[in-house]
Engineer: 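Quick one: structure below, then a few questions.
Everything numeric here is computed off the predicted structure, so don't read it as measured data. Lettering follows sequence order; numbering is per chain, from 1.
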Number of protein chains: 4
Amino acid sequence: MATRQEQRSEETKNSILTAARQLFANRGYDTVTMREIAKEAGCSHTTIYIYFKDKETLLQQLSMPPLQALMERMDALSEQKTASEEKLEAVSLAFIEFCLANRSMYSLFVNVKAGRVDEQSPQLEINKIRNDIFAKLSRMVQASLLLAVTDEQLLMCTRIYFYTLHGIVATYEHSEETVEMLMDRLTPTFRQAISVLLSGFRETCKET
Amino acid sequence: MATRQEQRSEETKNSILTAARQLFANRGYDTVTMREIAKEAGCSHTTIYIYFKDKETLLQQLSMPPLQALMERMDALSEQKTASEEKLEAVSLAFIEFCLANRSMYSLFVNVKAGRVDEQSPQLEINKIRNDIFAKLSRMVQASLLLAVTDEQLLMCTRIYFYTLHGIVATYEHSEETVEMLMDRLTPTFRQAISVLLSGFRETCKET
Amino acid sequence: MATRQEQRSEETKNSILTAARQLFANRGYDTVTMREIAKEAGCSHTTIYIYFKDKETLLQQLSMPPLQALMERMDALSEQKTASEEKLEAVSLAFIEFCLANRSMYSLFVNVKAGRVDEQSPQLEINKIRNDIFAKLSRMVQASLLLAVTDEQLLMCTRIYFYTLHGIVATYEHSEETVEMLMDRLTPTFRQAISVLLSGFRETCKET
Amino acid sequence: MATRQEQRSEETKNSILTAARQLFANRGYDTVTMREIAKEAGCSHTTIYIYFKDKETLLQQLSMPPLQALMERMDALSEQKTASEEKLEAVSLAFIEFCLANRSMYSLFVNVKAGRVDEQSPQLEINKIRNDIFAKLSRMVQASLLLAVTDEQLLMCTRIYFYTLHGIVATYEHSEETVEMLMDRLTPTFRQAISVLLSGFRETCKET
DNA sequence: AATGAATGAGTGTTCATTCAT
DNA sequence: CATGAATGAACACTCATTCAT
């Protein structure tokens, strides 16, 4: 039973998260100050420390939900009843769009050192999601190839597929265009890239 | 005939450059402080200002020579008398190797805002090199396709080719493995990626 | 109803103002550092930035109120129902006393570059006050002359009158005597100076 | 017998003095850096320390000769065979011109604390010159009055005379006009001021 | 005599964070 | 729960000065 106080508290926390999300996305983690977040959230900067141990923690708490949302969206798309290649395309475009919409998160997502098992949970969590995404795409790539490949071949293809996805996002990571502008302008190119890779994979795997 | 003093001076300058290179590479331009560089270089932070006007200048002096070296190497490789595809492969691997060997430079190289024609020269210089590399690779991609393509098709192929190269480098940008380790381990994958792209390009361009 | 916290805050602000006033007065604006002011005020140097945007703002906030007080006092004195010459004397002595009581302000007041109409407001404000004072004294000098003079003559007389006032203040600007000591000791001299100037003006204007 | 080395040494010292004089005059003592002086003088900044203990010493060594030159000029002018009032005028204008031509020196000249007998010599020296000038002007004022006055009256007149001179200089101390421009534009006003003071003195002293 | 190399102290300013209320 | 007050550490950069040659 949430008292009125608890409700208000939750509201404050949310407004902080929302403000921080927006500012981090637009201006990058380092540039944004706690005071700016507080001003945007409509509270004192000291209040933030009631809810979050420090700036870094705030960032990490911020990054989990969207990543989970991405996972869910990718799952949903991959369960649709369409051809494998179409599904891969849809999921890939969703991934690209998400990454461009959350550019600051993206660098966090990508740069967290892999494997450091001894670290605290938030990094591990992110690591886990990253591996999940990799595995998911790997399966979809396989399904789209329409031919049998060895594990080794699949790993190689998935890696190459990832390189390109990562490269796409990295190319526009610091662009000043909005996600919408970028997606409008470049979706055909992205589609083409996927198509090129798949047909290249097929050719290459066939030969061996 | 360099006096002993001049020698020592040169050493100091080099140790600053080395320290800065390393720190920029590991921790990014913004995060590194002049005092850290000085400590790493074994001198006072004010000494840095004897050799470099300011932090930005230090960064730029650091980045130009290797980029020029890369250009020269790419030129040399592209003039060899081998098949187009082999040349493209050699040049691309050289590009990847260089970028991984100079990871800090890479993010500098990639992130400099494009086009700002009104800016001062150093950024322009980098911009110019970037465009040169793009043009060079574009030409080599065309030669490797072994079939006629429209300008539009070529632009799209080059873009996709770049995405993948960029993605490869970005993927290992923060890895703790040395360049040598990475190249040893992954050169086959990189070759494969190039081969996949080329055969994908050919398939895709043929169709239309 | 001021809370205890607000009270303390006000105290801090005042101690900063007091410290700054004193140090600026004794050692000049440029020479004084924010850290010195803080030490004198008994707080951290960063605390100053809570109350004042920057060093310049601190200086300006310091200077406006006393100048406005001076204006008001001069206005009040000039509206009294006494002989013109007595009023001029009273106003002039008030001006001298004020300037000696606020020596740091004085150099600020005097040194602000004239006329720069394109500058931000605070300098303009001071400029305006200075012009007001000049105009006010000019009118009173004219009234005290008891004879008709051309505009040109009046301008010259006012300038000379100002030179002497300015010279009086400048002479004792760096004296270690308090205002009270100086006024006690020198008021007769100052009166005499005014009287000398007026009779000199009359003689000189008569001739032409 | 000056060796060639001694000659060169003297030259260097002089070029430092010349450079410093110019820079101090144009930009003020605090703003000028040792490196700037060195560059202007055509030597290394370390060389300055061979000839002058530190920046302050340089300033003081710089200030004595012109002051002595002023003294000599004032003496020469006061020994001419013209009417007393003309001599006073000539000497006063020379004083004003000198002070405006050496503005940075002027503040040094004026601000040196009076009387501090325990201080080192350079300050005393300046003090002495200041007193000399005061005495000299005092005598000339007396001669120009053309009537007998008590010591007390003379002191008062001299003080007032000084206030005005000082005020004139202080008024234009921070002006951006050159000495020449100022003297061209304002010499009539200065003459008038002197004339006003003298006739005021006469009137006032007559009465008592 | 002269200099290039080097440095410590210091500049104004910002920021994440803590404390007292 | 929430906040204004306060702070120490840090930033890039400058300067007068000293040291070794």
Side-chain angles (χ1 to χ4, degrees), chain A residues 3-6 8-13 30-38 43-56 58, chain B residues 3-13 30-38 42-56 58, chain C residues 3-13 30-38 42-56 58, chain D residues 3-6 8-13 30-38 43-56 58:
Chain A
T3 66
R4 216 164 300 157
Q5 228 184 46
E6 276 167 343
R8 298 243 298 165
S9 173
E10 198 62 25
E11 273 171 38
T12 305
K13 185 169 181 176
D30 279 336
T31 317
V32 174
T33 74
M34 294 299 260
R35 277 178 154 85
E36 282 172 326
I37 297 171
C43 68
S44 162
H45 61 283
T46 55
T47 303
I48 302 179
Y49 290 92
I50 298 169
Y51 299 100
F52 307 93
K53 193 181 140 295
D54 55 22
K55 200 182 174 185
E56 207 182 338
L58 172 56
Chain B
T3 67
R4 213 164 303 157
Q5 215 182 130
E6 277 167 342
Q7 247 175 291
R8 297 245 299 165
S9 172
E10 199 64 25
E11 275 172 37
T12 304
K13 185 171 182 177
D30 279 337
T31 318
V32 174
T33 76
M34 296 301 261
R35 277 174 160 86
E36 281 173 327
I37 296 171
C43 68
S44 161
H45 64 280
T46 56
T47 301
I48 301 179
Y49 290 93
I50 297 172
Y51 298 98
F52 306 94
K53 195 184 137 298
D54 55 22
K55 200 181 174 185
E56 206 182 340
L58 172 55
Chain C
T3 67
R4 212 163 303 156
Q5 214 182 126
E6 277 167 342
Q7 247 175 288
R8 297 245 299 166
S9 172
E10 199 64 24
E11 275 172 38
T12 304
K13 185 171 181 176
D30 279 337
T31 318
V32 174
T33 76
M34 296 301 261
R35 281 171 164 85
E36 281 171 328
I37 296 171
C43 68
S44 161
H45 64 282
T46 58
T47 301
I48 302 179
Y49 289 92
I50 297 171
Y51 298 98
F52 307 93
K53 195 182 137 300
D54 54 22
K55 200 181 175 185
E56 206 181 340
L58 172 54
Chain D
T3 66
R4 214 164 303 157
Q5 228 182 46
E6 276 166 345
R8 297 244 297 165
S9 174
E10 199 63 25
E11 274 171 38
T12 306
K13 184 170 182 178
D30 279 337
T31 317
V32 175
T33 74
M34 295 299 260
R35 277 179 155 84
E36 282 172 326
I37 297 171
C43 69
S44 161
H45 61 283
T46 56
T47 302
I48 301 179
Y49 290 91
I50 298 170
Y51 298 99
F52 307 93
K53 194 183 138 295
D54 55 23
K55 201 182 174 185
E56 207 181 338
L58 173 55

Engineer: Rounding to an integer number of Å, can you tell me how far D/Phe52 CZ sits from E/dA1 P?
Structural biologist: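 It is 14 Å, rounded to the nearest whole Å.
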Engineer: From the options F/dA5, F/dA2, E/dA5, select the nucleotide whose nearest atom is closest to the side chain of C/Ser9.
Structural biologist: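 The answer is F/dA5.
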Engineer: Given E/dG10, is OP1 or OP2 found less than 4.0 Å from the side-chain N or O atoms of C/Thr33?
Structural biologist: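 Checking C/Thr33 against E/dG10: no side-chain N or O falls below 4.0 Å of OP1 or OP2.
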Engineer: What is the distance, to the nearest angstrom, from the CD atom on B/Gln7 to the P atom on F/dA20?
Structural biologist: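 Atom CD in B/Gln7 sits about 19 Å away from atom P in F/dA20.
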Engineer: Between C/Thr47 and F/dT7, does any side-chain N or O lie under 4.0 Å from OP1 or OP2?
Structural biologist: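 C/Thr47 to F/dT7 OP1/OP2: side-chain N or O found under 4.0 Å.
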Engineer: Could you check B/Ile48 against C/Thr31 and say which one's nearest nucleotide on DNA chain E is further toward the 5' end?
Structural biologist: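 With B/Ile48 and C/Thr31 compared, the 5'-side residue is B/Ile48.
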Engineer: Over all heavy atoms of both residues, which pair between C/Met34 and C/Ile48 is shortest? Give the atoms and the distance, please.
Structural biologist: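 Shortest heavy-atom separation between C/Met34 and C/Ile48 comes out as O-CD1, 3.4 Å.
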Engineer: Taking a pair as Watson-Crick or G-U wobble with both distances under 3.5 Å, which nucleotide is matched to E/dA20?
Structural biologist: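 With both distances under 3.5 Å, E/dA20 matches F/dT3.
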Engineer: Would you mind reading off the distance between A/Lys55 atom NZ and E/dT17 atom P, rounded to a whole angstrom?
Structural biologist: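 Spelled out: NZ on A/Lys55 to P on E/dT17 is 8 Å.
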Engineer: Whole angstrom is fine here: how far is it from CZ in B/Arg8 over to C1' in E/dG4?
Structural biologist: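 The distance from CZ of B/Arg8 to C1' of E/dG4 comes to 12 Å, rounded to the nearest Å.
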Engineer: Any strand is fair game: report the nucleotide pairing with E/dA1 by Watson-Crick or G-U wobble, both distances under 3.5 Å, or none.
Structural biologist: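 For E/dA1, the partner nucleotide comes out as none, under the 3.5 Å rule.
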Engineer: Give a yes/no answer on whether the side chain of A/Tyr51 brings an N or O atom under 4.0 Å of OP1 or OP2 in F/dA2.
Structural biologist: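 Result: yes.
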Engineer: Regarding E/dT7, can its base be found pairing with the side chain of B/His45 as donor and acceptor, where the two atoms are less than 3.5 Å apart?
Structural biologist: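 Under the 3.5 Å cut-off, the side chain and the base do not form any donor-acceptor pair.
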Engineer: Taking 4.0 Å as the cut-off, does a side-chain nitrogen or oxygen of C/Thr46 come that near to OP1 or OP2 on F/dT7?
Structural biologist: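 No, because none of the side-chain N or O atoms of C/Thr46 sits under 4.0 Å from OP1 or OP2 of F/dT7.
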Engineer: Quick one: pull up CZ in D/Arg35 and OG in D/Ser44 and give me the separation to the nearest 0.5 Å.
Structural biologist: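 D/Arg35 atom CZ to D/Ser44 atom OG measures 8.0 Å (nearest 0.5 Å).
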Engineer: In whole angstrom, give the distance that lies between atom CD1 of C/Ile37 and atom P of E/dT13.
Structural biologist: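 After rounding, the reported distance stands at 10 Å.
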Engineer: Just the rounded figure in Å: distance from P of E/dA6 to NZ of B/Lys13.
Structural biologist: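 Answer to the nearest Å: 12 Å.
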Engineer: Once you round to the nearest 0.5 Å, how far does NZ of B/Lys13 lie from CD of B/Glu10?
Structural biologist: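 One finds 6.5 Å between NZ of B/Lys13 and CD of B/Glu10.
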Engineer: Whole angstrom is fine here: how far is it from CG in D/Asp30 over to P in E/dG10?
Structural biologist: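 Rounded to whole Å, this separation is 16 Å.
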Engineer: Whole-Å distance between E/dG8 P and B/Arg35 CZ?
Structural biologist: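 That distance rounds to 11 Å.
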Engineer: Starting at the 5' end of DNA chain F and moving along, which residue's nearest nucleotide shows up first, B/Met34 or C/Gly42?
Structural biologist: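 Checking each residue's closest nucleotide, the 5'-ward one belongs to C/Gly42.
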Engineer: Counting C-beta onward and ignoring hydrogens, is there a side-chain heavy-atom pair between D/Leu58 and D/Ile37 closer than 4.5 Å?
Structural biologist: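 They are in side-chain contact.
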Engineer: Of all heavy-atom pairs between A/Asp54 and A/Tyr49, which one has the smallest distance, and what is that distance?
Structural biologist: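 In this case the closest contact between A/Asp54 and A/Tyr49 is CA-CE2, 4.3 Å.
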